[in-house]
There are 2 protein chains.
Amino acid sequence: MVMPAPAVAGSGGAAPGSVGDVRRSNLALVLGAIAEFPPGTHPSRAQIAGATGLTKASVSSLVLDLLDAGIIREIGLNPQGRGRPGVGLELSPSRAVMGMEINVDYISVAVVDLAGRVLLREVQERDNRNSPDRPVLAALAVLAAGVRGAAGELGVEVLGGGLAVPGLVDPAGARVLTAPNLGWVNVHLDLAALLPEAALGVELFNEANAAALAELRHRPDGASNFLFVSGEVGVGGGIVIGSELFTGPGGHAGEVGHIVVEPEGGHCSCGGTGCLETVAGQDAIFAAAGVATDGGSRSATMSALLQALTAGEPRAVAAVERAGGCLGIALAATARIVNIDSVVLGGHFAVLEPWLRTPLLNSLQKYAPGKYASERVTVSAVGEFGALLGAAGSVIRSLVEAPHRLHA
Amino acid sequence: MVMPAPAVAGSGGAAPGSVGDVRRSNLALVLGAIAEFPPGTHPSRAQIAGATGLTKASVSSLVLDLLDAGIIREIGLNPQGRGRPGVGLELSPSRAVMGMEINVDYISVAVVDLAGRVLLREVQERDNRNSPDRPVLAALAVLAAGVRGAAGELGVEVLGGGLAVPGLVDPAGARVLTAPNLGWVNVHLDLAALLPEAALGVELFNEANAAALAELRHRPDGASNFLFVSGEVGVGGGIVIGSELFTGPGGHAGEVGHIVVEPEGGHCSCGGTGCLETVAGQDAIFAAAGVATDGGSRSATMSALLQALTAGEPRAVAAVERAGGCLGIALAATARIVNIDSVVLGGHFAVLEPWLRTPLLNSLQKYAPGKYASERVTVSAVGEFGALLGAAGSVIRSLVEAPHRLHA
DNA sequence: AGCTTTAGTTTATTGCCTGAACTATATGAG
DNA sequence: CTCATATAGTTCAGGCAATAAACTAAAGCT
């Protein structure tokens with residue numbers, strides 16, 4: 001069940017294909033095969049040979065490199081009727097990466113081992129709205145250092161990290177171009193300070209994109225093509241195509257929150273007019289539903305909305321129905337442009353799904369008939385920690401795709 | 001100027017990376033380097049070595065294979081001041097592919113040599129509207145056979161072909177899923193019959209996608225990321241990202257004609273509501289402008305529209321302005337979803353550009369400020385033969401990317 | 001003519017994968 | 001208990017492709 005088209009020159013450079021590239025490519029192929037085995041099952045070298053098409057001899061040699069680098073380890077035996085049992089292999093549980101998230105109401109970190117298990121997680125409530133970047137990053141660094149220390153005591157080495165933020169990030173690296181709800185514009189982050197001396201450094205992700213990757217890993221239906229819609233204060237999106245995040249040429253694809261859904265609608269913080277976010281963002285829904293309570297916490301307001309919906313209060317119901325209808329228009333456009341037929345609702349869209357679903361499906365039927373089957377409109381499987389887990393998972397994945405970056 | 005990230009296992013299969021894959025990858029790398037040199041300049045082996053990063057020895061060996069396969073040939077000498085002159089190389093002018101197109105009002109074929117020169121072209125007017133597929137394909141086969149014979153007399157061998165049709169095609173191959181203006185639904189085409197015994201067979205393309213690829217090849221600005229919008233009876237689109245056609249997971253990305261631009265608008269032939277095509281398709285514009293002449297030819301109606309516009313007739317001007325405004329809404333959505341910042345107008349959008357441009361730019365400013373610079377909204381460089389040339393070019397390109405399919 | 005410069009080829013070396021033979025370790029039959 | 005069988009994993013010779021460096025080829029310059 002492996003099937004990646006093995007590319008040789010991993011690191012995207014202009015290097016021509018040479019013989020050594022084959023080694024790198026096949027290291028990633030073998031490591032990817034190990035990573036893709038179902039959790040709990042530990043493939044043997046022979047099984048990997050079967051899955052990848054490489055010979056047993058090659059796999060043995062490649063596995064040896066990965067063992068030496070400490071990326072994988074041998075674990076137990078796989079008896080199988082007759083014959084010598086295979087030696088189980090798994091991604092090393094003593095190597096890990098750190099997922100980190102900065103959001104409007106909190107900062108959080110998690111340590112995830114290479115096999116994808118969450119070893120530690122810590123959330124700190126913190127009002128980051130309109131807070132400058134440095135103190136936020138300093139607080140995050142303290143949190144990260146503490147968790148990293150705890151991981152060290154468990155004998156786990158943190159190799160690198162991923163940081164998710166609710167805004168557009170510079171795909172090249174360490175710059176947040178705009179994060180309206182944090183009040184950040186073109187902010188350069190000192191990512192290295194978050195995890196000093198980590199072998200792989202820290203990568204920066206858009207929150208919705210990271211959450212989309214977490215969905216990819218945890219989807220029960222195993223979908224490999226979908227749009228993840230993240231409903232927070234803003235409305236974000238992450239497009240997954242062929243089990244890869246699709247970011248577009250500039251790195252900011254999937255901005256479903258700013259698709260025009262009401263040409264004569266209101267102004268948006270992005271400068272546009274009639275964007276989905278002006279109808280279906282949290283603030284917009286709260287206001288339209290009449291539950292906005294300035295000063296109150298966001299989760300309290302959400303509780304009030306849910307209560308109003310349960311009570312069948314017309315204003316609340318109408319607000320959510322309008323949001324659902326407009327979400328449908330945006331998803332219809334997405335289906336036409338990137339030819340996606342599957343949607344995962346996250347954030348408040350997941351919470352409000354019982355009330356949102358029918359107007360959404362009606363809208364999709366009206367504007368993009370036949371493009372989305374109703375069973376392809378689903379709710380997030382990972383919940384509120386999606387961005388955190390996705391940021392970590394993405395770093396693991398990039399290591400799996402280029403293991404030579406670590407020793408070897 | 002070469003820089004493709006060289007992938008080893010070209011043919012997408014599950015084959016693991018072996019040593020021989022390096023050879024295939026580098027054959028494509030060398031051939032690509034030759035193909036990308038400006039027309040008229042013929043690179044030497046040494047120049048290719050510099051461009052690709054391979055050593056002179058490797059290039060010599062790879063070039064020998066390509067010469068043996070007849071894909072390239074040596075042509076003249078490149079003196080350069082001191083030193084031994086290099087031997088020029090170019091894609092073989094005695095090998096060619098055939099571009100073919102079926103459209104509403106005509107069928108056409110062209111023979112294009114591997115260097116991209118159009119050797120022969122033939123257009124046959126024919127009313128294919130609501131014509132069944134077999135007679136159309138039979139007529140096309142006759143036209144193709146004639147042109148192929150003429151090419152043979154020039155000493156040119158036709159290796160394969162590409163066929164462009166105005167509808168959604170099955171990415172796997174030979175099926176037209178739906179072509180509303182031909183009246184075709186789920187039609188299987190016997191492509192092999194078009195070019196019997198051609199080494200590479202015949203590939204099927206969507207018309208707008210093929211035209212987008214032709215734009216890519218002929219753009220004066222060298223843009224490698226853009227949306228091509230094809231205005232015909234229907235409105236189609238082709239998305240080019242990183243010099244590659246982006247087709248999405250199902251193969252039908254870029255359907256800009258069916259983005260919702262007027263949520264309370266009219267019904268569309270696709271079953272949707274308020275699609276761009278209902279406002280900006282040729283029939284819609286003609287009707288709104290009051291120049292619809294049933295029975296008259298399409299080009300006569302277009303002339304009437306241009307005359308009305310030049311005369312400043314309010315109804316015609318308003319129709320085009322409305323189309324431009326709605327086109328802006330669709331392009332705004334595209335910018336958000338795939339993060340594209342450049343648009344090429346084709347078909348009637350190119351013809352109407354003088355009247356369309358201002359309302360389009362105003363609309364983009366209103367709905368997606370900052371996403372498209374006005375100089376990134378341009379008119380097609382290839383004109384009406386885009387689909388034809390693009391279909392041929394795409395087949396050449398696939399040969400360049402996998403030269404081992406031919407002899408070698 | 002002879003020096004310099006650049007193009008292209010030849011040769012030895014290296015790295016990696018493959019295939020086949022070989023060793024290791026389990027189950028099951030007699 | 002022992003031997004046949006089956007499967008896992010390793011070792012070793014062979015081949016292919018790229019590299020580096022030396023070498024040959026063909027021009028201009030003095």
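Note that the structure is a prediction, hence the values are computed from the model and not measured. These numbers come from the heavy atoms of this one structure, side chains and all, not from hydrogens, waters or symmetry mates. In what follows, every chain begins at residue 1, and chains take the letters A, B, ... in the order their sequences are listed.
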Legend entry - Donor-acceptor side-chain pairing of B:Ser61 and B:Ser58 below 3.5 angstrom: no

Inset, instruction - Could you tell me whether the side chain of A:Glu74 reaches within less than 4.5 Å of the side chain of A:Arg45, counting heavy atoms only? - result: yes

Inset, instruction - Consider only side-chain N and O atoms of B:Ser398 and B:Arg405, and report whether a donor and an acceptor are under 3.5 Å apart. - result: yes

Inset, instruction - Could you check how far CZ of B:Arg45 sits from P of C:dT6, rounded to whole Å? - result: 19 Å

Inset, instruction - Only counting residues at least two apart or in another chain, list the ones meeting ring-ring contact (aromatic ring centres under 6.0 Å, His included) with B:Phe226. - result: none

Legend entry - Between C:dA7 (C1') and B:Glu74 (CD): distance, integer Å: 12 Å

Legend entry - Distance, rounded to the nearest Å, where B:Arg82 contributes CZ and D:dA25 contributes C1': 18 Å

Inset, instruction - Return the nearest nucleotide to the side chain of B:Ser44; candidates are D:dT19, C:dT27, C:dG8. - result: C:dG8

Legend entry - Between D:dT7 (P) and A:Leu77 (CG): distance, integer Å: 17 Å

Legend entry - Ionic contact status for B:Glu157 with B:Arg148, cut-off 4.0 Å: no

Inset, instruction - State whether the distance check finds a donor on one side and an acceptor on the other, under 3.5 Å, for side chain B:Arg84 versus base C:dA7. - result: yes

Inset, instruction - Could you tell me whether the phosphate oxygens of C:dC17, OP1 or OP2, come under 4.0 Å of any side-chain nitrogen or oxygen in A:Asn26? - result: yes

Inset, instruction - Please indicate whether B:Arg217 has more than 12 foreign heavy atoms, meaning atoms of other residues, nucleotides or ligands, lying under 6.0 Å from its CZ. - result: no

Inset, instruction - Check whether any side-chain nitrogen or oxygen of A:Arg23 sits under 4.0 Å from OP1 or OP2 of C:dC17, and answer yes or no. - result: yes

Inset, instruction - Give me the residues of residues 56-64 of chain A where at least one heavy atom lies under 4.0 Å from an atom of DNA chain D, by number, or none. - result: A:Lys56, A:Ala57, A:Ser60

Legend entry - Given DNA chain C, 5'-ward residue of the pair A:Thr55 and A:Pro85, judged by closest heavy atom: A:Thr55

Inset, instruction - Rounded to the nearest angstrom, tell me the gap between atom CG in B:Leu89 and atom C1' in C:dG8. - result: 11 Å

Legend entry - Rounded distance in Å - CG (B:Asn78) to P (D:dA25): 21 Å

